Amino acid sequence: MLKYIYWYLNLFIKKNYFIIFVVFSGFPLFFIPNVWDGVIFDYGLIIENISGIEIFLKEIGSPFQLVFFYLIFFIKKITSISHEFLFDILTVITLILFSFEIKKYSQILFNFDNRWSNLCAIFAISFPVWHTLVSINLGLYLTCFYFALLGYRLFISESLFIRVIGIIVILFS
C-alpha cells in the first residue's frame, strides 16, 4: 500500500513540479510584512478612506492601478480580511501569471519544449529579488509589467480580435 502511495506521489510531483514550485515560491510572501513603503496605501485602507490613494495615483499618472485598490477595498469591506493579506494574494497570483508568461515566451521565442520552458519559468519565479514584492508599489509594478507581456503576446496573435485585445491590455499596463 505504501509503495503505491509513493508511486502516485512521485508521479504527481513529476507531472506537476512547476505548480508545486510556484506554490512554495509564492508562499513566503505571506509572512514578510510590508514595512518598506506604502504608508499612504496602508493608512487609506486602515481608515477605510481611499481618497488619498486616488489623489496620489492620479498625480503620478497611474490611474489604472486604482482598479486594484478598489478591488482590495471592496473585498476587505465585504469579508473583513486584512488588506495586506489580500494584497499578498494578488501579488502571488501575479507572480504565478508572470512566470507563466515567461514560460509562454520561452516556447514562442526560443521554441523550447515543455521541460525547458518550465525551467525558464522556475528561474523567473525563484529570482532572489521577489521578496521586495511585499511592497505595494513594486507588486503593482509587477502586475503592470505582466499585463505588458500578456498584451504583447496577444498582439502577436493571428486573430485581429485578439490583437485588439492585446493593444488594450498593453495600454492598461
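All values derive from a computational prediction rather than experimental measurement.
Side-chain heavy atoms closer than 4.5 Å link hydrophobic residues (I, L, V, M, F, W, Y) into clusters, and following such links, even through other members, never connects Leu160 to Ile170. Residues Leu97 and Ile162 fall within the same hydrophobic cluster, defined by Ile, Leu, Val, Met, Phe, Trp and Tyr side chains chained together at heavy-atom separations under 4.5 Å. Residues Ile108 and Phe110 are members of one and the same hydrophobic cluster, defined by side-chain heavy-atom contacts under 4.5 angstrom among Ile, Leu, Val, Met, Phe, Trp and Tyr. In terms of hydrophobic clustering, with Ile, Leu, Val, Met, Phe, Trp and Tyr side chains grouped at heavy-atom distances under 4.5 Å, Ile50 and Ile81 are assigned to a common cluster.
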| request: Test Ile75 against His83 for side-chain contact (heavy atoms from CB on, under 4.5 Å), laying out the working first. | output: CA-CA 9 Å; Ile75 294 172; His83 65 275; over 6 Å; no
| request: Take Phe69 and Glu54, measure what side-chain contact (heavy atoms from CB on, under 4.5 Å) needs, and give me the verdict at the end. | output: CA-CA 9 Å; Phe69 283 101; Glu54 291 172 343; over 6 Å; no
| request: Check the pair Phe123, Ile102 against side-chain contact (heavy atoms from CB on, under 4.5 Å), reporting the backbone distance first and the verdict last. | output: CA-CA 9 Å; Phe123 282 150; Ile102 297 294; over 6 Å; no
| task | Report the C-alpha separation of Leu86 and Lys76 in whole Å, then their side-chain angles, then the decisive distance to 0.1 Å, and conclude whether the side-chain contact (heavy atoms from CB on, under 4.5 Å) test is met. | result | CA-CA 8 Å; Leu86 293 171; Lys76 179 186 176 188; 4.0 Å; yes
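Within a 6.0 Å radius of OH in Tyr152, no more than 12 heavy atoms belonging to other residues, nucleotides or ligands are found. Within 6.0 Å of CD in Glu48 there are more than 12 heavy atoms belonging to other residues, nucleotides or ligands.
With values rounded to the nearest 0.5 angstrom, Ile96 atom CD1 is found 11.0 Å from Tyr146 atom OH. Atom CD1 of residue Ile89 and atom OG1 of residue Thr94 lie 11.5 Å apart, to the nearest 0.5 angstrom. To the nearest 0.5 Å, atoms CZ (Arg153) and CD (Glu101) are separated by 4.0 Å. Taking CG of Leu66 as the reference point, atom CG of Leu71 lies at 12.0 Å (rounded to 0.5 Å). Atoms CZ and CD1, on Phe155 and Ile165 in that order, are 13.5 Å from each other to the nearest 0.5 Å. Note that CZ of Phe85 and CG of Leu90 are 12.0 Å apart. Values are rounded to the nearest 0.5 Å.
Put simply, the side chain of Leu154 does not reach to within 4.5 Å of the side chain of Arg163, judged on heavy atoms.
Across Gln107 and Ser117, no two heavy atoms sit closer than the pair NE2-OG, 3.2 Å. Leu140 and Phe68 get closest at one heavy-atom pair: CD2-CD1, 3.7 Å. The shortest heavy-atom contact between Cys120 and Phe112 is SG-CE1, 3.6 Å. Nearest approach of Val169 to Leu150, heavy atoms of both residues: CG1-CD2, 4.4 Å. When all heavy atoms of Phe98 and Leu149 are compared, the closest pair comes out as CE1-CD1, 3.6 Å.
Residues Tyr70 and Gln65 bring no donor and acceptor atom of their side chains to less than 3.5 Å of each other.
Checked against the 6.0 Å centroid criterion, the rings of Phe172 and Phe147 do not qualify as a close aromatic pair.
With sequence neighbours excluded, no residue forms a side chain to side chain donor-acceptor pair (under 3.5 Å) with Tyr141.
At least one donor-acceptor pair closer than 3.5 Å links the side chain of Asp113 to the backbone N or O of Trp116.
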